[in-house]
Amino acid sequence: MLLHRDVVVTNPKKVFWPDEGYTKADLVAYYDRIAPFMLPYLKDRPVVLTRYPDGIKGKSFFQKDAPEWVPPWIRTERVYSKDAGRDIDYFIVNDRESLRYVANLGTIPLHMWGSRIGSLERPDWLVLDLDPKGAPFTDVVKVAHALHRLLEELALPSYVKTSGATGLHILLPLGARYDGEIVRTFARLLAMLGVEAEPDISTIARPLRSRDGKVYVDWGQNGHGQTIVAPFAVRPLPAAPVSCPLRWAEVTARLEPGRFTIKTAPARFEKQGDPMAPVLGAGIDLVAALQGLERRLGR
DNA sequence: GACTCGC
DNA sequence: GCGAGTCAACGCTAC
DNA sequence: GTAGCG
Ligand SMILES: [Mn+2]
Ligand SMILES: [Mn+2]
């Protein structure tokens, strides 16, 4: 492997979260400490950085294309973008120093593809993103439970995390077994069934104005080049909350997603381990799942 | 945040 | 050596 | 073709 140099934090005392006084050094220290839990998810995936070089109150921008000047030990992978009509050299964050490097660029959240280099057309998970738009978080919990019940009926394993902001993400393991197009279709079907179970409080309608007060069941992040906020990613919000893997038993009306921050999350996972880790393991049998759904519709 | 350019 | 200027996103659906 | 959304 190319020789790494240790990433020295530039401007370590720069305040990134003014209300709390958290600094850029705090951000990098968090990513450094959570790396053992976070890196398995990032491994071999194109990532999208959301950079806030002047902290959460400053101007931000997305970054997909790694500049020419990144050090040679930073891995990048070239992926053709049809829409942009060009190649993009995505950052690949497979080790602690690379994570420290992108954090030092002022990256607060990292988003990641659902698929890996070598199997870019076959995602490792299906994701449903439950987003309250003016809805109470307790409604997000209700919709999550409706989906969890449905998935249990179908004998499908699922894992849940906070988005770090106001929503929840439900992931099903796929093990890169299926083409993204099929996955997308199945995700839309699951989203529709979730809304069917909780029609008064959820929707799959895309326009923001038409979903006010409801939980948006977003299946659209399943697809080529689509991303989700990585588990353990930090959000540019007061208190520096993080996307936090949960046990299903924790998903109750009393769940407070804001409790999980760069200050509280590391101890939690060092103590309890990561309940979402199995999503990276063996994938479900989609054909059997569709047969199960057919039986269910027959009743 | 980090690079390049002009002075 | 310094300040100024520049750059850092795309995929997809619904209309 | 593109506005809207993530
Ligand atoms: Mn969301
Ligand atoms: Mn700056």
Side-chain angles (χ1 to χ4, degrees), chain A residues 5 7-16 23-25 27-28 31 45-72 74 76-91 98 100-115 120-121 123 127-134 163-170 180-185 187-189 191-192 203-212 214-230 233 235-236 243:
Chain A
R5 215 186 50 211
V7 171
V8 177
V9 181
T10 53
N11 292 311
K13 301 203 159 139
K14 186 164 183 177
V15 175
F16 268 32
T23 62
K24 194 180 169 204
L27 175 69
V28 178
Y31 275 124
R45 282 175 221 289
V47 299
V48 179
L49 314 180
T50 315
R51 292 178 53 192
Y52 289 76
D54 297 312
I56 69 168
K57 300 284 173 68
K59 183 173 149 47
S60 69
F61 55 91
F62 296 101
Q63 186 159 29
K64 296 185 174 183
D65 203 11
E68 292 293 338
W69 45 258
V70 297
I74 290 286
T76 62
E77 288 289 344
R78 191 154 291 180
V79 180
Y80 179 69
S81 159
K82 198 171 196 173
D83 235 32
R86 65 178 182 121
D87 288 327
I88 295 179
D89 292 322
Y90 280 93
F91 287 97
S98 298
R100 288 174 55 87
Y101 181 83
V102 296
N104 184 56
L105 292 175
T107 300
I108 298 185
L110 290 86
H111 289 68
M112 58 181 181
W113 282 39
S115 56
L120 284 178
E121 305 312 319
V127 59
L128 295 176
D129 175 6
L130 310 188
D131 241 320
K133 183 57 176 70
S163 72
T166 54
L168 290 175
H169 294 168
I170 298 174
E181 202 52 51
I182 294 157
V183 174
R184 203 175 166 74
T185 302
R188 178 174 51 215
L189 180 57
M192 292 188 315
T203 179
I204 55 168
R206 186 80 139 122
L208 274 169
R209 358 167 51 91
S210 72
R211 52 171 141 116
D212 198 39
K214 293 199 174 186
V215 178
Y216 176 44
V217 184
D218 183 3
W219 52 270
Q221 295 312 109
N222 299 282
H224 183 84
Q226 301 294 88
T227 61
I228 59 170
V229 170
R235 308 311 299 264
S243 178

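Residue numbers start from 1 in every chain, and the chains themselves are labelled A, B, ... in the order their sequence lines are given, proteins ahead of strands. These figures come from a predicted structure and were not determined experimentally.
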Under 4.0 Å: is that the gap between some side-chain N or O of A:Ser81 and OP1 or OP2 of C:dA9? no

Can you tell me if the side-chain N/O atoms of A:Arg86 get under 4.0 Å from OP1 or OP2 in C:dC10?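 Answer yes for this pair, as a side-chain N or O of A:Arg86 is under 4.0 Å from OP1 or OP2.
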
Between [atom2] on [N] and [atom1] on [X], what's the gap in Å once rounded to a whole number?
X: A:Lys82; N: C:dC12; atom1: NZ; atom2: P; answer: 9 Å
X: A:Arg206; N: C:dA14; atom1: CZ; atom2: C1'; answer: 10 Å
X: A:Met112; N: C:dC10; atom1: CE; atom2: C1'; answer: 18 Å
X: A:Tyr80; N: C:dA9; atom1: OH; atom2: C1'; answer: 15 Å
X: A:Gln63; N: C:dT6; atom1: CD; atom2: P; answer: 18 Å
X: A:Gln221; N: C:dC10; atom1: CD; atom2: C1'; answer: 11 Å
X: A:Trp219; N: C:dG11; atom1: CH2; atom2: P; answer: 16 Å
X: A:Asp54; N: C:dA8; atom1: CG; atom2: C1'; answer: 13 Å

Is [X] reaching over with its side chain to a backbone N or O of [Y], donor-acceptor style, under 3.5 angstrom?
X: A:Lys14; Y: A:Pro53; answer: yes
X: A:Arg235; Y: A:Ile108; answer: no
X: A:Ser210; Y: A:Ala205; answer: no
X: A:Arg51; Y: A:Gln63; answer: no
X: A:Ser60; Y: A:Ile56; answer: no

Sequence neighbours left out, what pairs pass side chain to side chain donor-acceptor pair (under 3.5 Å) with at least one residue falling in residues 220-230 of chain A? A:Glu121-A:His224

If the P atom of D:dG6 is compared with that of C:dA8, how far apart are they to the nearest Å?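 Their P atoms lie roughly 24 Å apart.
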
Inter-nucleotide C1' distance (D:dC5, C:dA9), Å rounded: 13 Å

For a quick check of understanding: with a heavy-atom distance under 4.0 Å over all strands, which category does [X] fall into, base, sugar-phosphate or nothing?
X: A:Arg211; answer: sugar-phosphate
X: A:Thr10; answer: sugar-phosphate
X: A:Leu208; answer: sugar-phosphate
X: A:Lys24; answer: sugar-phosphate
X: A:Asp131; answer: nothing

Considering only NZ, NE, NH1 and NH2 on the basic side and carboxylate oxygens on the acidic side, decide whether A:Asp65 and A:Arg86 come within less than 4.0 Å.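 A salt bridge links A:Asp65 with A:Arg86.
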
Before accepting this row, confirm whether a basic side-chain N of the pair A:Asp131/A:Arg211 lies closer than 4.0 Å to the acidic partner's carboxylate O.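 No salt bridge links A:Asp131 with A:Arg211.
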
Determine, for A:Trp219 and A:Arg188, whether the Lys NZ or Arg CZ falls below 6.0 Å from the six-membered ring centre while staying within 45 degrees of the axis. yes

Tell me yes or no: between the side chains of A:Thr10 and A:Asn104, is some donor less than 3.5 Å from an acceptor?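 There is such a pair between these side chains.
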
Give the first and the last nucleotide of DNA chain D, reading 5' to 3', that has any atom under 4.0 Å from a heavy atom of chain A.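 Extent of the interface on DNA chain D: D:dG4 to D:dG6.
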
Counted 5' to 3', the first and last nucleotides of DNA chain B within 4.0 Å (strictly under) of a heavy-atom of chain A are B:dG1 to B:dC3

